[in-house]
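In what follows, chains are A, B, ... by sequence order, proteins preceding strands, each numbered from 1. A quick note: this is a predicted structure, and the numbers were derived from the prediction, not measured. Heavy atoms only: backbone and side chains are in, while hydrogens, waters and symmetry mates are out.
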There are 4 protein chains.
Amino acid sequence: MAVAAVPSSRRARSNPRRRADEIIEAAAQVFAERGFHGATTQDIADVLGIRQASLYYYFPSKEVALEHVCARGAEGFLEAAAVIAAGPESVTEKLRRLIIAHLSPLLDRPDFVRVFHNERKHLPLASRRRIGKTVRAYERVIEEVLKAGIRNGEFRADLDPRLVTFGILGMVKSVAGWFDKEAGAKIERIVEEFFRLLVEGIAAGGGGRRPTRQGG
Amino acid sequence: MAVAAVPSSRRARSNPRRRADEIIEAAAQVFAERGFHGATTQDIADVLGIRQASLYYYFPSKEVALEHVCARGAEGFLEAAAVIAAGPESVTEKLRRLIIAHLSPLLDRPDFVRVFHNERKHLPLASRRRIGKTVRAYERVIEEVLKAGIRNGEFRADLDPRLVTFGILGMVKSVAGWFDKEAGAKIERIVEEFFRLLVEGIAAGGGGRRPTRQGG
Amino acid sequence: MAVAAVPSSRRARSNPRRRADEIIEAAAQVFAERGFHGATTQDIADVLGIRQASLYYYFPSKEVALEHVCARGAEGFLEAAAVIAAGPESVTEKLRRLIIAHLSPLLDRPDFVRVFHNERKHLPLASRRRIGKTVRAYERVIEEVLKAGIRNGEFRADLDPRLVTFGILGMVKSVAGWFDKEAGAKIERIVEEFFRLLVEGIAAGGGGRRPTRQGG
Amino acid sequence: MAVAAVPSSRRARSNPRRRADEIIEAAAQVFAERGFHGATTQDIADVLGIRQASLYYYFPSKEVALEHVCARGAEGFLEAAAVIAAGPESVTEKLRRLIIAHLSPLLDRPDFVRVFHNERKHLPLASRRRIGKTVRAYERVIEEVLKAGIRNGEFRADLDPRLVTFGILGMVKSVAGWFDKEAGAKIERIVEEFFRLLVEGIAAGGGGRRPTRQGG
DNA sequence: CATGAATGAGCATTCATTCAT
DNA sequence: GATGAATGAATGCTCATTCAT
C-alpha cells in the first residue's frame with residue numbers, strides 16, 4: 001500500500017509517466033508543508049534534485065501543478081462513498097465504511113489529501129468550482145446515509161443530518177492534520193474509536209440517558 | 001462577547017490604540033481570506049483605504065502582524081478552558097461548556113480564529129513554539145476532563161482520551177470553516193447538536209447498544 | 001511646438017507627472033532602438049539610472065508602456081490632418097501641409113513616432129484595434145483630399161487615390177528611418193523635395209509629357 | 001520568379017537541401033509575422049510540425065537563421081539593379097525597371113523581403129555591416145541613375161538625388177507592408193501607378209506649372 | 001500620521017541551446 | 001535525422017520594506 005518509493009531516478013531509463021508523477025508528488029509534498037503561496041518552485045526542484053527550470057518541461061505552471069495535486073487528492077472519494085452508500089449493509093455499518101474510505105487515502109497519499117483540503121481555495125476559479133461540486137456531492141452522499149438511518153430508526157430521530165454530516169467530516173478530516181505525528185496510532189484504531197464515538201457517544205453505560213444541562 | 005461594532009472609523013480623531021486594532025483587524029480579514037502568503041500588504045491597505053506604506057507606522061512587518069492576529073485568535077482559549085475544567089460541574093456539563101467556550105470566539109472575531117487555526121504554521125519559529133505550547137496545554141485540559149469522566153464513570157472506560165480529544169476538537173474546529181455559509185444556524189443549535197452527538201452518539205434508543213460490524 | 005504644460009512643481013523633487021513622462025520617454029528610446037521584444041525593462045531602467053523594479057511604480061507592465069509610447073506617437077496625426085483637409089486652401093496646398101504635419105512630430109518626438117510605426121503590431125489586441133481604426137481614418141482623410149483634387153481638376157484624373165495614398169505615406173514614413181543619419185538635412189528641404197516630387201514628378205520640362213514604355 | 005511550390009514535405013526522403021530550405025522558409029514566415037525577438041524557435045517548429053530541438057540539426061542558432069533569411073531577402077537586389085543601370089534604355093525606362101525589380105521578389109518570397117527590411121537591425125554586427133554595404137551600394141545605383149537623368153535632361157535639374165532616392169525607395173518599400181491586404185491589386189498596377197506618380201507627379205494637365213505655396 | 005517614491009530580493013516563467021540516444 | 005529531457009541565463013513582474021518629507 002505504501003508508495004513504491006521510486007528512487008529519484010538518476011538512471012537513463014525512467015518511465016516518463018513516472019517522472020511526471022514524481023514532479024507532482026514533490027509538489028504535493030512542498031505544498032503540504034508550506035502552503036501553495038508559501039512554496040516556491042525552487043523548493044519543488046530542490047526536493048527532486050533538478051533545476052527549477054526543468055519543472056516546466058513537465059507542467060506549464062505552478063497553478064496547474066496545484067490542480068494536479070488537488071485532483072489526485074480528491075480522487076476516488078465521491079465514487080467510494082457512493083458505492084458504500086449504495087451497498088446492502090445497515091447504515092451503521094455504512095457509516096463505519098465511510099469513515100474508513102475517508103481515511104484510507106491518507107495512508108498512501110497524505111500530502112495530496114492535505115493539499116486538497118487546505119490549498120484548494122487557491123485553485124483558479126474554474127477548477128475550484130468543479131471540485132466544489134464534487135465536494136458537495138460527497139457531503140450529500142453522507143447526508144443521505146444519515147437520513148436513511150433516521151428513517152429506518154437506526155439513528156436518533158432528532159438528528160440534524162446536515163449539521164451532523166459537517167461534524168463527522170470535521171472530526172475525520174482533522175486526522176489529516178496530526179496523522180504524521182501520531183504515525184504509531186494505527187489507522188484502524190482511529191477508525192474504531194471515531195466510529196464508536198459517533199455511534200455510541202462518549203457516555204458510559206445504560207441506554208437512553210439524556211445528558212442534562214446540569215449533569216450529575 | 002458581544003461584537004464591539006467598531007465603526008470602520010474614517011474619523012480623524014480615533015484613539016491610536018483603536019487605529020492599530022483596525023489595522024490588525026484588516027490583516028486578520030485578509031489573512032483569513034487568502035492565507036498569509038497569498039495576502040499582500042496592499043490587500044490590507046485596500047481594506048483600510050490607506051496607502052501600503054502607512055501600514056508600517058503601526059506594525060514593523062507582515063510577520064509581526066500575523067503574530068498579533070494569531071495572538072488575538074488564540075486569546076483566552078486556554079484560560080477559559082482551564083476555568084471550566086476547574087469548576088464544580090459534572091464532566092458532562094464541563095464538556096458542554098468547553099464546546100461553547102471553543103465556539104464563542106467565532107462569533108465576534110471569526111477571522112482571527114481562522115487565521116490562528118490555518119496560518120499559525122507560517123509564524124516565525126519563536127512565536128510558533130510559544131503558541132504551540134499553549135495549544136498543547138489546551139488539549140491537555142480537555143484530555144484531563146475526559147480522563148476524569150472515565151475515572152468517575154461518566155464516560156466509557158474504553159475511551160482513548162487523546163484520540164477522542166483530537167476528534168472532538170476536529171469536529172468543533174471544523175465549524176470555523178463553514179460558519180459563514182450557515183450563518184442562519186444559531187451557534188446554540190450547533191453546540192447542542194455536537195454536544196449530544198458526542199455524549200450520546202448517533203444511534204437511536206439505548207446508548208449501551210454496541211454497534212456490530214455487520215450491523216442490522 | 002514643444003508641449004509646455006508645466007504645472008506647479010514641488011521642491012527639488014521633480015514633478016511626478018514629469019517623472020512618469022520621463023519613464024515613457026526612456027521606453028520610447030529603447031523600444032525605438034531595439035524593438036519592443038528586443039528591449040528589456042532593464043534597458044529602460046539603465047537609461048534612467050534607476051533600478052528595474054522602480055519602473056513598475058510608474059507603469060504596470062511593459063505592454064502598457066508600449067501603449068503609452070504608441071499613443072503619444074500617434075497623437076494628433078488624425079486631428080491635424082482633419083483640420084488641414086477641412087481648410088480653404090487648394091488641394092495642392094493641402095497636400096503640402098499634410099506632408100508637413102506628418103513629418104513635424106518627428107522633430108520633437110522621433111522615437112515615439114518610430115515606435116508607433118514599427119512596434120504597434122506588438123500591442124495587445126484591444127489597443128491594436130483601436131489604433132488601427134485611427135490609422136485607417138487618417139488614410140481616409142488623405143484619400144479624400146486626393147479625390148477632391150481629382151474632382152476639381154487639380155490632380156490627374158486617372159489617379160488611383162488609394163494606391164497613391166499608400167505611396168505618399170510610404171515615401172513620407174520612410175523619413176523616420178533615416179532622419180537621424182541625415183540630421184543635417186533640414187526638414188523643410190525634405191518637405192519641399194517630396195512635395196515637388198509628388199506634385200510635379202521627376203521629369204523635366206512639361207509635366208504633361210507622358211513617359212513611354214520605351215522611353216527616350 | 002514562379003513560386004517553387006515546395007510541398008510541405010512530410011515524406012522521409014526529401015532532399016536535405018530542400019529540407020533546410022523549408023526550415024529557413026518557416027523561420028522567414030515567423031520572423032515576418034512576429035519580428036525576430038518576438039518569435040520563438042517553438043513557433044518555427046510549430047509551423048513545420050517538428051520538435052523545437054530538431055531545428056538545431058539544420059542551423060546552429062536563431063541568429064544564423066536570421067542571417068539566412070535576410071540573405072535570401074536581399075538576394076539579387078543589387079545585381080538586378082546594377083544590370084538595369086548598365087542597360088541601354090533611357091533613365092526613365094530604367095526607373096520603371098528598377099521599380100519592377102524592387103517589387104518582384106515580393107511575389108515569390110514576401111516574408112524574406114519583409115524580414116530583410118524590418119529585422120536586419122537585429123543581425124549580429126558582422127553580417128549587419130556586410131548587408132549594410134550592399135544596401136548602400138544599391139542606393140548608390142539608384143542615385144546614379146537619377147544623376148544621369150539630371151545630366152541628360154530627362155529629370156529636373158533641381159532634384160536632390162539622394163533625397164529622391166530615399167523617397168522612391170520609401171514609397172516602393174512600403175508596398176511590402178500592405179501587399180497582402182491588397183493582394184487583388186496586381187503588382188503591375190502598382191508599378192505603373194508609382195512609376196507615373198514618380199515621373200509625372202500628381203498634378204493634372206499642362207506642363208511646367210509650379211505648385212505655389214498658396215495654391216488655388 | 002501618512003505618503004510618495006524607490007528598491008532589494010525574489011519569483012514564476014520563458015527560451016535558446018545542448019546532448020545522449 | 002530527429003527527439004526527449006534538461007538547463008543556464010535571462011526576463012517581466014511582485015512585494016515587503018525603507019525613508020525623506
Residues that B:Q52 engages under side chain to side chain donor-acceptor pair (under 3.5 Å), provided they are two or more places apart = B:T41
Distance, rounded to the nearest Å, where A:R34 contributes CZ and E:dA12 contributes C1' = 16 Å
Starting at the 5' end of DNA chain E, what dot-bracket string do you get if Watson-Crick and G-U pairs under 3.5 Å are bracketed, crossing pairs use [ ], other-strand pairs use | and unpaired bases use dots?
-> .||||||||||||||||||||
The side chain to side chain contact (heavy atoms under 4.5 Å, CB included) partners of D:A39 (sequence neighbours excluded) come to D:V30, D:F31, D:R34, D:D43
Interface residues of residues 122-130 of chain B with DNA chain E (non-hydrogen, below 4.0 angstrom) = none
Distance col, row C:R18:CZ vs C:E25:CD, nearest 0.5 angstrom, shows 9.0 Å
Contacts of B:E33 meeting side chain to side chain contact (heavy atoms under 4.5 Å, CB included) (sequence neighbours excluded), chain-then-number -> none
Return each pair, listed once, that meets ring pair (Phe, Tyr, Trp, His ring centres under 6.0 Å) where at least one residue sits in residues 108-131 of chain D; pairs must be two or more places apart or across chains.
-> D:H37-D:H122
Non-neighbouring partners of D:E75 that pass side chain to side chain donor-acceptor pair (under 3.5 Å), sequence neighbours left out | none
How long is the line joining CG of D:L55 and P of E:dC15, in whole Å?
-> 14 Å
With sequence neighbours left out, what residues match C:N118 under side chain to side chain contact (heavy atoms under 4.5 Å, CB included)?
-> C:R114
Please list, chain by chain and in numerical order, all residues satisfying side chain to side chain contact (heavy atoms under 4.5 Å, CB included) with C:R51, sequence neighbours excluded.
-> C:S54
Interatomic spacing from CD1 in C:I24 to SG in C:C70 - rounded to 0.5 Å | 10.5 Å
Just grab all the salt bridge (Lys or Arg N to Asp or Glu O under 4.0 Å) pairs involving residues 121-131 of chain A, residues at least two apart or on different chains.
-> none
Within this structure, what is the CG-to-C1' distance between A:D46 and F:dT7, rounded to whole angstrom?
-> 15 Å
Across all chains, not counting sequence neighbours, the side chain to side chain donor-acceptor pair (under 3.5 Å) partners of D:S127 are D:E67
How many Å lie between CZ on D:R51 and P on F:dT3, as a whole number?
-> 6 Å
Where the side chain of C:Y57 is defined as all heavy atoms beyond and including C-beta, which of E:dA5, E:dC1, F:dA5 is the nearest nucleotide?
-> E:dA5
In whole angstroms, the gap separating P of F:dA2 from CD1 of D:I44 amounts to 16 Å
Heavy-atom contacts, protein to nucleotides 14-19 of chain F, under 4.0 Å, summarised as B (base), S (sugar-phosphate only) or - (none) per nt, yield BSBBB-
Spacing between B:I50 atom CD1 and E:dC1 atom P, to the nearest angstrom | 12 Å
